[in-house]
Each structure stands twice: as structure tokens, then as C-alpha cells.
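One-based numbering, in listed order, for ligands and for the atoms of each.
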Amino acid sequence: MEIKKYTFSPHGDDRGQLIAIEAGQDIPFNVNRVYYIYDTLEGVRRGFHAHLDLQQILLCVKGSCKIHLDNGFETAEVLLDKPNEGLYIANDMWREMYDFSEDAVLLVLASNHYDEADYIRDYDTFINMVRGKKER
Ligand code: TYD
């Protein structure tokens, strides 16, 4: 499976680091929503869904976590442990987030507003959908 990661260049100087992410320039979509996950408890695994029409960039801006990806045919595990590295995830990708370090802050930039109707939360439904698309 092709893993699409974006590396953002920090504007570092003797005061610290600053990363700017411009929609449509540094990432391929307009950001309509930002959310972040923090204070995760040990052993927590979350996500367990795919989207019908959503692009996202996941950045672990503090600490580390892992992302399990599944496109219905292949799976991958991606470690996010750099504040300047973003994982791009688009449609038709089952995702689970796990192995959060205690200090982890997972920042997500999303192309659309929150819409529960865009979620596929049942794994069998997801598998049938992506495999059905491939067979067509
Ligand atoms: P949930 O979908 O369980 O998070 P995960 O991405 O880990 O699967 O979301 C947790 C709660 O937050 C749920 O009640 C829905 C709400 N929520 C929003 O209101 N807006 C959002 O953008 C997101 C991602 C979640």
C-alpha cells in the first residue's frame, strides 16, 4: 500500500520551531475542520471507521502514536512521532489509532465538516464496499 506522508519544513530559530500549513499549497485540500485527540489512556485504540468523502492529514504534534490502515486488500502500520510529519488519508481507508504515548497530541486537518453520514463504522460493510468497487 502506498503511504502518503507530508513533511513540513519548520521555521526554526533560536526561539524554537514554527510550522505553517497552507491549505491548497502544502496540502491538497481546503481545511474545513481541525480536531485533536489528547489525554488518551494507556492501551486505547480508537477510530475503527472509514469515510466516504473525506481527506485528512494526521500529525502527532506531540509524542507519538501509530495508525493502522486497511484499504480492504492490504494493511499497514504507520508510526507518527514527528511534529512536522503528516499522514494523508483519503476515502475508502479503514483506520485505527493506537499506541498513544502519554503526552500524545494527534492533530487532524480535515477537508469537510463533521458529518456522521460520511462514516462507515461497520468493518464488513467497508470490506464489501471497497471490494465491490474493485470488481466493477
Ligand atoms: P469518534 O468518532 O469516536 O472519534 P475517533 O476519531 O477516535 O473514532 O468521536 C468522538 C466524539 O467526538 C463523538 O461523539 C463525535 C465527536 N466528534 C465531533 O463532534 N466532531 C468531530 O470532528 C469528530 C472527529 C468527532
Side-chain angles (χ1 to χ4, degrees):
M1 176 191 314
E2 194 199 336
I3 307 293
K4 199 165 180 184
K5 275 186 176 177
Y6 286 84
T7 304
F8 306 106
S9 300
H11 300 271
D13 57 31
D14 54 12
R15 298 168 300 168
Q17 304 292 334
L18 184 155
I19 288 180
I21 301 173
E22 301 257 357
Q25 293 177 24
D26 301 307
I27 58 170
F29 56 85
N30 284 324
V31 177
N32 277 304
R33 174 165 54 110
V34 173
Y35 63 92
Y36 44 98
I37 294 170
Y38 64 101
D39 274 358
T40 41
L41 297 184
E42 206 182 328
V44 154
R45 200 170 174 103
R46 41 192 312 164
F48 299 98
H49 63 258
H51 286 280
L52 294 168
D53 179 22
L54 187 69
Q55 300 178 75
Q56 294 188 307
I57 300 265
L58 284 66
L59 296 121
C60 205
V61 293
K62 178 83 181 165
S64 64
C65 68
K66 288 179 187 155
I67 314 295
H68 167 80
L69 297 176
D70 180 345
N71 63 10
F73 302 91
E74 293 173 278
T75 64
E77 313 303 317
V78 181
L79 172 69
L80 292 179
D81 63 351
K82 296 178 190 74
N84 69 324
E85 191 176 83
L87 172 66
Y88 176 80
I89 309 181
N91 306 341
D92 298 348
M93 187 71 80
W94 187 265
R95 81 285 310 267
E96 296 168 18
M97 298 84 100
Y98 65 104
D99 267 7
F100 289 90
S101 63
E102 208 182 313
D103 59 345
V105 181
L106 180 64
L107 174 72
V108 182
L109 312 176
S111 60
N112 292 327
H113 289 265
Y114 179 73
D115 176 10
E116 189 55 41
D118 190 64
Y119 279 73
I120 307 158
R121 292 194 184 272
D122 179 70
Y123 186 71
D124 291 339
T125 304
F126 166 73
I127 289 293
N128 290 335
M129 186 190 77
V130 288
R131 294 195 180 162
K133 279 185 187 176
K134 197 82 174 181
E135 278 155 20
R136 252 182 268 136

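In this structure, His68 has its ring center no closer than 6.0 Å to that of Tyr98. Phe48 has its ring centre no less than 6.0 Å from the ring centre of Tyr119.
Heavy-atom proximity to atom 6 (O) of ligand 1, evaluated over Arg46, His49, His113, Arg121, is greatest for His49.
Inside a 4.0 Å radius of atom 8 (O) of ligand 1 there is at least one protein heavy atom. Inside a 4.0 Å radius of atom 25 (C) of ligand 1 there is at least one protein heavy atom. Within a 4.0 Å radius of atom 12 (O) of ligand 1, the protein contributes no heavy atom.
The salt bridge (charged side-chain N to carboxylate O under 4.0 Å, His left out) analysis of residues 13-28, with sequence neighbours excluded, yields the pairs Asp13-Arg15.
Looking only at heavy atoms of the protein, atom 22 (O) of ligand 1 is closest to Arg33 NH1, 2.5 Å. In terms of protein heavy-atom proximity, atom 17 (N) of ligand 1 is nearest to Tyr114 CE1, 3.8 Å.
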For this session: List the steps and the verdict of side chain to side chain contact (heavy atoms under 4.5 Å, CB included) for Leu109 and Leu59.
Result: CA-CA 8 Å; Leu109 312 176; Leu59 296 121; 4.2 Å; yes
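Below 4.0 Å from some heavy atom of Gly47 lie the following atoms of ligand 1, by number and element: 5 (P), 7 (O), 8 (O).
Within the structure, ligand 1 has Tyr119 among the residues with a heavy atom less than 4.0 angstrom away.
Contact check on Glu102 versus Lys62 returns no salt bridge, with no Lys/Arg side-chain nitrogen under 4.0 Å from an Asp/Glu carboxylate oxygen. Ion pair Lys66/Glu77 not flagged as a salt bridge, since none of the NZ, NE, NH1 or NH2 atoms sits closer than 4.0 Å to an Asp/Glu carboxylate oxygen.
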